[in-house]
Amino acid sequence: MAATASSRQAWRQLMGNTSRGPASNILRQQQQQYRSAFCRQISSTTRASSRRTVSQPPSFALRQQPLAQRSYSSGSQGKNTPPKGSNNQVKFWPFLIVIALGSGGYMLLINRQTKMPPTTSNTTTDGRSTPAFSPADVTVLFVLGGPGAGKGTQCARLVRDYHFTHLSAGDLLRAEQDRPGSQYGQLIRDCIKNGDIVPMEVTVALLENAMRDAIQASGGRNGKFLIDGFPRKMDQALKFEEVVCPAKLVLFYDCPEAEMERRLLERGKTSGRADDNAESIRKRFRTFVETSMPVVDHYEKENRVVKVNATDTPDGVYADTQARLRKVLGDKF
Ligand code: C5P
Ligand code: MG
């Protein structure tokens, strides 16, 4: 339930600064509701105190602090009744201050949201999304395998020899976690520490934005991507292929747990990663078996998996990777 709630919240926040998509409609409806509630409160408050009505944009900051509970009047005079003998100015100023604070909070919220660009998939007239990138222009290989299977090591070699752009979902999440002002920082930190999957909206948006940046940086010439450590859950797979780009295949590095654990504990001596410790590693393995393997199974059924045994040395695994990719994609993949 908590994951679903945080996922919904992340989606609303993510889509908050895009003008398209169903999530923005929900947000607009919410804003409309708060606007109506706000106006009702204002008119009843102003009727009670016989003041003039004030029209002002509503603010999310007002959600947690309803107008009637704030210190419009205090002491023994009654909550919304102006104190006897007070003049108009005295009753009007607190009201203005509340509105100014609320508007300031609203602007702050908007400014924070604009720091992480939204996903930009197109929505058809019947409400379905179409991918932001066409597989005719962009090639996506998902790279999967348990934690410590050697995905990053193999991706580095493929980048060197075949000029892919390497995007590690884990690296993008860690960068977002450390970005000052990110509203997802704490959420990502908690998920990573516990080996849990971050709500897919966050990861999909980070990947799409990174792909767009890479394509722009290459002047549109390089559209070949290795998406490493993704999709780790079925919802990530479905969402990415729906709104970003269908993947050509999944490169899956198969490695026994004992070997992955040995590698991760060794890496943990110098990596500085919060999840390269025995307890987090155990949780990551469980998540991998329960949540990520079904993704591999899904693509296997569709005949889109290239499986490589990852127990050998990095060079040995790489030779096997090249041989298997050549078989499927031809010599110049
Ligand atoms: O791939 P990497 O081991 O760097 O991922 C670290 C952590 O990032 C994962 O254990 C998980 O908490 C999070 N993650 C995720 N979804 C992904 C990739 C990583 O939630 N697709
Ligand atoms: Mg990695």
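Read the numbers this way: they start at 1 and go in the same order the structure lists the ligands and their atoms.
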For [X], the ligand 1 atoms whose distance to one of its heavy atoms is below 4.0 Å:
X: Arg284; answer: 3 (O)
X: Cys191; answer: 12 (O)
X: Gly170; answer: 4 (O), 5 (O)
X: Arg174; answer: 4 (O), 6 (C)
X: Asp196; answer: 11 (C), 12 (O), 20 (O)

**Asked** Can you tell me if Arg273 has a non-hydrogen atom under 4.0 Å from ligand 1?
**Response** yes
**Asked** Going by distance alone, is a donor N or O of one side chain under 3.5 Å from an acceptor N or O of the other, for Thr313 and Tyr318?
**Response** no
**Prompt:** Is there any N or O on Gly229 that sits under 3.5 Å from an N or O of ligand 1?
**Reply:** yes
**Message:** Between ligand 1 and Phe230, is the shortest N or O to N or O distance under 3.5 Å?
**Reply:** no
Protein contact of [atom] - nearest heavy atom, named by residue and atom, plus distance:
atom: atom 20 (O) of ligand 1; result: Val198 N, 2.7 Å
atom: atom 9 (C) of ligand 1; result: Arg232 NH2, 3.5 Å
atom: atom 8 (O) of ligand 1; result: Ile192 CG1, 3.6 Å
atom: atom 16 (N) of ligand 1; result: Gln236 NE2, 3.3 Å
atom: atom 14 (N) of ligand 1; result: Leu173 CD1, 3.4 Å

**Fill in**
Between Val317 and Asp312, the two heavy atoms sitting closest are CG2-O, 3.5 Å
Quick one: do [X] and [Y] make a salt bridge, cutoff under 4.0 Å?
X: Asp315; Y: Arg157; value: yes
X: Asp275; Y: Arg284; value: yes
X: Arg263; Y: Glu266; value: no

**Asked** Looking at Thr311, Thr321, Asn309, which hits side-chain hydrogen bond (donor to acceptor under 3.5 Å, both in side chains) with Tyr253?
**Response** Thr321
**Item:** Min side-chain heavy-atom separation Tyr299-Pro231 under 4.5 Å
**Value:** yes
**Request:** Verify the cluster assignment for Phe142 and Leu226: are they in a single hydrophobic cluster under the rule of side-chain heavy atoms below 4.5 Å apart?
**Result:** no
**Request:** Please assess Phe333 against Tyr162 for the test ring-ring contact (aromatic ring centres under 6.0 Å, His included), listing each intermediate value before the final yes or no.
**Result:** CA-CA 7 Å; Phe333 54 83; Tyr162 300 97; 4.0 Å; yes
